[in-house]
Amino acid sequence: MREDVKEYYGKTLAGSEDLKTDACCTLEAPPQNIREIQKKIHPEVSGHYYGCGLIIPQEINGLRILDLGSGSGMDVYTLSAMVGKDGYIVGVDMTDEQLAIARRHREYHAEAFGYEQSNVEFHKGYLEQLDELDLEPGSFDLIVSNCVINLCQDKEAVLKHCHRLLKEGGEMYFSDVYSDRRVPESLRQDPELYGECLSGALYWNDFHNLAKTCGFADPRLVEDRPLGLNNDSVIERIGHIGFYSATYRLFKIDGLEPACEDYGQAVKYLGGIEDQEQLFTLDKHHHIEKGRLFPVCGNSYRMLNESRFAQYFEFYGSWDQHFGIFEGCGSSLPYDLVAAANESSSGGCC
């Protein structure tokens, strides 16, 4: 299956227009600052982009970032402009054709972004075998990935390597495809469905449990959308299963609890984060308005207090008294069943 995926993305697909579903496509337009950066991306790089969602979190200036499944380098080069000359981006991919495109434009983008030297590098490797690359444990502030973990057969190995490579307080912020039930093994062996990011998708609850097993105790859903299966052949084979593109953030913070426990704590956002000056989004259910006291569970308190976001918040409360679990911390399908209204008229793949 690994060789099938390499063939599909290295030779079968000439560009995003050849994809048969929108699973590996970005439907919504990126923010203005990202659009301005991407205008400077070399056309060969952007023309071989197969991402399924914007995977750039807040406050990344100066960070050391690892991009899993970096492909032609679209996200790597976008991130390289955002982290500045003091930041650094490492891309990992297994496809020779994609890596060749990414590598030959390093100096082009350094010049485009005004750097004396490139702040990116690319490695050939498999995400299940990151331990075989020259990557120092605990050396990354952030790990990103854009619709590629579903293409990995050993997803547990990927998540364990990510946990090992992150610094304490660092995070994995990534977009991928998930299903509303487990995909039958017969469909997992279909090369086209696998290459289209469908049959390799994890059942969402299996992903939550797997993330916890690998050290990410409290996975946070940031945003999601249902996928459109607009190909009759694909629908006939796998249309009975619901698929979603979802962005998660997983913090490496030791001792997080498996649920949202209430200790009477709160935070106040002070502002100062670019593009989120008035409203900071931690995840889909935590939109924190500037200047207003915001009750949080113990895990959210720690995610903000023990990460790069701490300087932008005031923290209130202690761990002296426990009030039980926060209402709504349940176990039902976390994704929206229909696309947001403003996505219905969005453009095609980037």
Side-chain angles (χ1 to χ4, degrees), residues 1-27 44-53 55 67-75 91-102 122 124-129 144-158 174-204 206-207 225-247 348-350:
M1 190 60 70
R2 177 184 285 170
E3 294 304 313
D4 288 335
V5 171
K6 290 169 70 174
E7 177 80 13
Y8 201 68
Y9 283 88
K11 297 183 174 65
T12 302
L13 299 178
S16 297
E17 66 278 1
D18 292 332
L19 291 164
K20 295 178 173 59
T21 73
D22 68 5
C24 295
C25 302
T26 303
L27 298 186
E44 187 180 25
V45 170
S46 59
H48 290 79
Y49 175 67
Y50 308 111
C52 69
I55 45 79
D67 181 16
L68 304 180
S70 52
S72 64
M74 179 75 167
D75 290 336
V92 176
D93 202 88
M94 67 178 183
T95 309
D96 290 324
E97 292 85 353
Q98 294 282 76
L99 284 168
I101 293 170
F122 296 94
K124 181 180 179 180
Y126 300 113
L127 305 190
E128 300 98 322
Q129 299 168 352
V144 298
S145 176
N146 198 339
C147 201
V148 296
I149 294 179
N150 69 86
L151 297 173
C152 299
Q153 292 186 294
D154 190 350
K155 297 170 178 61
E156 181 174 2
V158 178
F174 66 108
S175 181
D176 218 285
V177 176
Y178 302 92
S179 59
D180 65 358
R181 67 200 71 182
R182 295 178 181 128
V183 178
E185 184 62 29
S186 59
L187 294 178
R188 289 186 176 276
Q189 300 306 315
D190 186 311
E192 183 180 70
L193 293 179
Y194 209 93
E196 288 286 334
C197 302
L198 296 176
S199 64
L202 273 175
Y203 164 49
W204 71 269
D206 286 345
F207 162 70
R225 66 175 175 88
L227 296 185
L229 307 182
N230 303 315
N231 179 277
D232 290 341
S233 174
V234 171
I235 292 172
E236 182 179 356
R237 284 174 283 169
I238 205 167
H240 60 290
I241 299 175
F243 291 94
Y244 303 84
S245 174
T247 299
C349 301
C350 295

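Between the side chain of D67 and the main chain of G91, no donor-acceptor pair closer than 3.5 Å is present. Panel note: side chain D176, backbone N150; a donor-acceptor pair is recorded below 3.5 Å.
Heavy atoms only, all atoms of each residue included: A157 and E128 are closest at CB-O, 3.8 Å. Contact detail for I55 and V144: the closest heavy-atom pair is O-CG1, 3.6 Å. Pairing each heavy atom of S175 with each of S245, the nearest pair is OG-OG, 3.7 Å. The shortest non-hydrogen separation linking C152 to K155 is O-NZ, 2.6 Å. Nearest heavy-atom pair across Q98 and H48 is NE2-O, 3.4 Å. Of all heavy-atom pairs spanning F243 and L198, the tightest one is CE2-O, 3.2 Å.
In E236, the CD atom is not crowded: 12 or fewer heavy atoms of neighbouring residues, nucleotides or ligands sit closer than 6.0 Å.
Atom CZ of residue F174 and atom SG of residue C147 lie 11.5 Å apart, to the nearest 0.5 angstrom. With rounding to the nearest 0.5 angstrom, the OH atom of Y178 is 11.5 Å from the CG atom of D206. Atom CG in L187 sits 6.0 Å away from atom NE2 in H240 (nearest 0.5 Å). A distance of 7.5 Å separates CG in N231 from CD in E196, rounded to the nearest 0.5 Å. The distance from the CG atom of L193 to the CD1 atom of I238 is 5.0 Å, given to the nearest 0.5 Å. Note that OG of S179 and CZ of F207 are 12.5 Å apart. Values are rounded to the nearest 0.5 Å.
Inter-residue side-chain proximity for Y194 and Q153 is flagged as met; some heavy-atom pair is nearer than 4.5 Å. In this structure, V183 and Y203 have side chains that are not in contact, with every pair of non-hydrogen atoms separated by 4.5 Å or more.
Of the listed residues (V177, L227, D180), just one forms a side chain to side chain contact (heavy atoms under 4.5 Å, CB included) with Y244, and that residue is D180.
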